[in-house]
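This report refers to the structure that appears directly beneath it.
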2 protein chains.
Amino acid sequence: MSTILDVCKLAGVSKATVSRVINGIGQVKQSTRENVFSAMKELGYRPNRLAQALATNKTHTIGLVVSDFDGIHFGLLLKQAAASAEFAKKQLIVTDGHNDPDYEYEVILQLEAQCDAVVLYSRTLTDEHIQRLHEQLTIPIVVLNRNMPEQCFHSVSFEQEAAVTILMDHLFEKGHQEIACITGHMDNPTGKARLNGYKNSLQAASIDFKNDLVKHGVYDMKSGYQACKELLNEGITFTAIVAFNDCMALGALKALTETGINVPEQVSITGIDNDPVSEFFTPRLTTVGLPITAMTKQAIELAITLCDETKPTHSYQYKGQLIERESVSSVYTAKN
Amino acid sequence: MSTILDVCKLAGVSKATVSRVINGIGQVKQSTRENVFSAMKELGYRPNRLAQALATNKTHTIGLVVSDFDGIHFGLLLKQAAASAEFAKKQLIVTDGHNDPDYEYEVILQLEAQCDAVVLYSRTLTDEHIQRLHEQLTIPIVVLNRNMPEQCFHSVSFEQEAAVTILMDHLFEKGHQEIACITGHMDNPTGKARLNGYKNSLQAASIDFKNDLVKHGVYDMKSGYQACKELLNEGITFTAIVAFNDCMALGALKALTETGINVPEQVSITGIDNDPVSEFFTPRLTTVGLPITAMTKQAIELAITLCDETKPTHSYQYKGQLIERESVSSVYTAKN
DNA sequence: CTGTTAGCGCTTTCAG
DNA sequence: CTGAAAGCGCTAACAG
């Protein structure tokens with residue numbers, strides 16, 4: 001790899017001049033500019049970005065930190081993040097926190113010299129962690145999918161509780177009263193918020209909460225399948241299932257179908273996410289769309305903006321939309 | 001952000017000494033080491049990785065370049081790449097080539113100073129491109145999912161043609177003769193190799209190739225659905241469908257089911273990939289597993305090894321395995 | 001319009 | 001065991 005000095009020698013000019021033509025700034029005589037260009041070309045010269053970054057304190061890189069690479073939305077998130085970054089000609093450095101808050105905290109601090117901004121999709125860091133990071137870091141940070149209590153961060157989040165409420169209201173409208181619930185992990189704000197949505201909806205409808213009706217899954221099809229099997233085996237009656245994501249809803253669908261129970265005639269099912277595959281199952285799944293792609297785009301673009309200018313902190317809130325398909329029917333028509 | 005100089009002042013030592021304790025090399029008196037440590041801690045000092053990289057010419061990062069972020073395997077690939085890199089305490093820089101060979105070529109060259117090795121998952125670069133890169137680059141490169149003609153590169157690939165052959169043989173065994181084919185993109189080696197698999201299998205079985213039986217999809221469910229619709233609308237007879245991936249097979253399944261055609265009683269369907277969802281459709285899809293995760297792991301680990309030592313080039317070849325489920329039945333039992 | 005001179009933050013001989 | 005000094009490749013005043 002040739003360096004700027006090689007170009008200097010070949011073109012017979014100083015480093016400053018070469019630097020000027022590389023960056024297209026300052027005044028350079030047309031003829032010498034051409035000289036330099038042809039020298040660069042002849043050598044296959046390419047400026048060393050590391051050196052540029054060190055000298056300018058600008059890396060043109062965005063850091064993306066997630067708690068864990070197994071997260072359910074990781075694929076789409078990463079895809080959109082990579083696309084948005086690329087579009088703005090920024091590089092992307094991707095890191096995970098091994099699901100360990102302390103490790104994750106360290107990782108973020110490490111990123112400081114290597115990025116112009118960080119997007120954080122964390123499910124292990126506490127609010128205080130994030131607060132401390134915010135104070136300690138000299139680069140801006142955007143928190144994705146997390147409702148921060150105080151609006152002192154840039155954040156992009158989803159109304160988790162409302163997503164379930166939308167589903168419950170839809171089910172109530174169709175006359176359902178006995179609604180089973182398949183949750184996701186309960187050790188993080190998302191799971192808790194969604195369960196609150198379930199409980200509060202029941203309360204608002206004056207229906208008693210029954211512990212037997214709620215089973216815990218881990219957001220994959222298998223756990224949805226198993227949760228539903230349990231429900232069935234325990235002989236609990238229910239006319240509908242609210243699953244905390246599409247995968248588990250689809251797993252439950254499989255369990256029901258296997259058992260000879262018709263969906264939606266005998267049991268209605270709903271999910272959350274609007275996973276692309278949900279449309280291809282039979283019956284097509286009714287769900288609440290979670291715009292993870294749009295949210296990620298927003299977060300990365302915000303981070304990119306913050307690289308160059310400071311903006312007052314703002315919290316972008318996304319709300320889910322009901323996508324009605326064929327996995328829910330009215331209890332009244334279903335009864336017979 | 002404090003620098004090494006701040007630590008020097010606070011601890012009352014020179015840069016060299018601080019550097020020694022940072023890296024744990026050379027001889028440092030226990031007491032001064034402790035001094036330095038506490039100074040670092042007090043300042044919240046963290047070495048600047050960029051500066052370290054510039055000074056040592058070691059970046060501890062792996063570059064991953066894909067042609068396009070929309071690739072069908074991109075999600076899993078990225079996930080595994082990120083995980084493997086993280087495991088080895090390497091950073092990952094992810095970039096795409098906008099599906100443009102020239103751009104992609106440039107991007108890879110840019111990465112040279114920022115990475116210790118590059119993994120390339122390209123569908124636009126020609127073999128000569130890769131050859132030129134290989135000569136031009138001072139860092140090692142691992143080519144993923146690409147059979148290179150000469151074994152002069154490190155590569156990890158999948159036997160594309162064999163995957164289809166396995167499926168065809170399975171179908172022949174079950175008595176199928178009229179086998180429709182839903183391909184993927186035909187502008188790259190993968191699509192071409194798979195189609196060759198289809199054609200060669202037919203030839204080996206002395207069955208004429210009929211152009212009407214092959215429809216082109218783009219690897220997503222929708223295109224599989226449409227391709228199957230076309231087949232149906234054109235009134236072509238077939239007893240089985242070989243789709244070039246699971247998504248399209250599942251789309252075709254949907255089209256068939258909608259039309260009131262039973263799978264596998266009337267038509268058998270097979271895919272490629274062993275997508276996790278394939279198991280949750282009814283009937284569960286028979287497919288050939290494509291170990292993209294294992295392949296990615298292999299590629300990244302190889303790249304990481306190459307950061308520190310040179311190895312003779314080797315080509316790792318992965319072969320698909322038939323995963324028999326319920327979407328294929330024998331024509332003989334199906335006839336009635 | 002161009003060159004000189006300091007750095008950016010860290011590593012690494014080489015003396016002592 | 002420790003420090004001085006040179007250097008990684010590039011940028012950025014400041015002179016001229």
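In what follows, every chain begins at residue 1, and chains take the letters A, B, ... in the order their sequences are listed.
For B:L50 and D:dG9, the CG to P distance is 14 Å, given to the nearest whole Å. When the P atom of D:dG3 is taken as reference, atom CZ of B:R20 falls 8 Å away, rounded to whole Å. Remark: C1' of D:dG9 and NZ of B:K58 are 19 Å apart, rounded to the nearest angstrom. For the pair B:M1 CE and C:dC10 C1', the interatomic distance rounds to 12 Å; values are reported in whole Å. Atom P of nucleotide C:dC1 and atom NZ of A:K29 are separated by 9 Å, given to the nearest angstrom.
Not one side-chain nitrogen or oxygen of A:Q52 sits closer than 4.0 Å to the OP1 or OP2 atom of D:dC10. For the pair B:T17 and D:dT2, the criterion of a side-chain N or O lying under 4.0 Å from OP1 or OP2 is not met. A close approach under 4.0 Å does not occur between any side-chain nitrogen or oxygen of A:T3 and OP1 or OP2 of D:dG9. The side chain of B:N23 places an N or O atom within less than 4.0 Å of a non-bridging phosphate oxygen (OP1 or OP2) of C:dT11.
Listed candidates were C:dT2, C:dA6, C:dT11. Nearest to the side chain of A:K15 is C:dA6. Side chain of B:I4, nearest nucleotide from C:dT11, C:dG3, D:dA4: C:dT11. Nearest to the side chain of A:A16, among D:dA13, C:dT12, C:dG9, sits D:dA13. Among the nucleotides C:dT11, D:dC10, C:dG9, the one closest to the side chain of A:L54 is C:dG9.
Applying side-chain contact (heavy atoms from CB on, under 4.5 Å) to A:I108 and the options A:I139, A:L125, A:T95 leaves one that passes, A:L125.
Residues A:N99 and A:S67 bring no donor and acceptor atom of their side chains to less than 3.5 Å of each other.
In this structure, B:H129 and B:Y105 have tilted ring planes: the angle between them lies in the 30° to 60° band.
Positionally, the nearest nucleotide of DNA chain D for B:T32 lies more toward the 5' end than for the other of B:T32 and A:V18.
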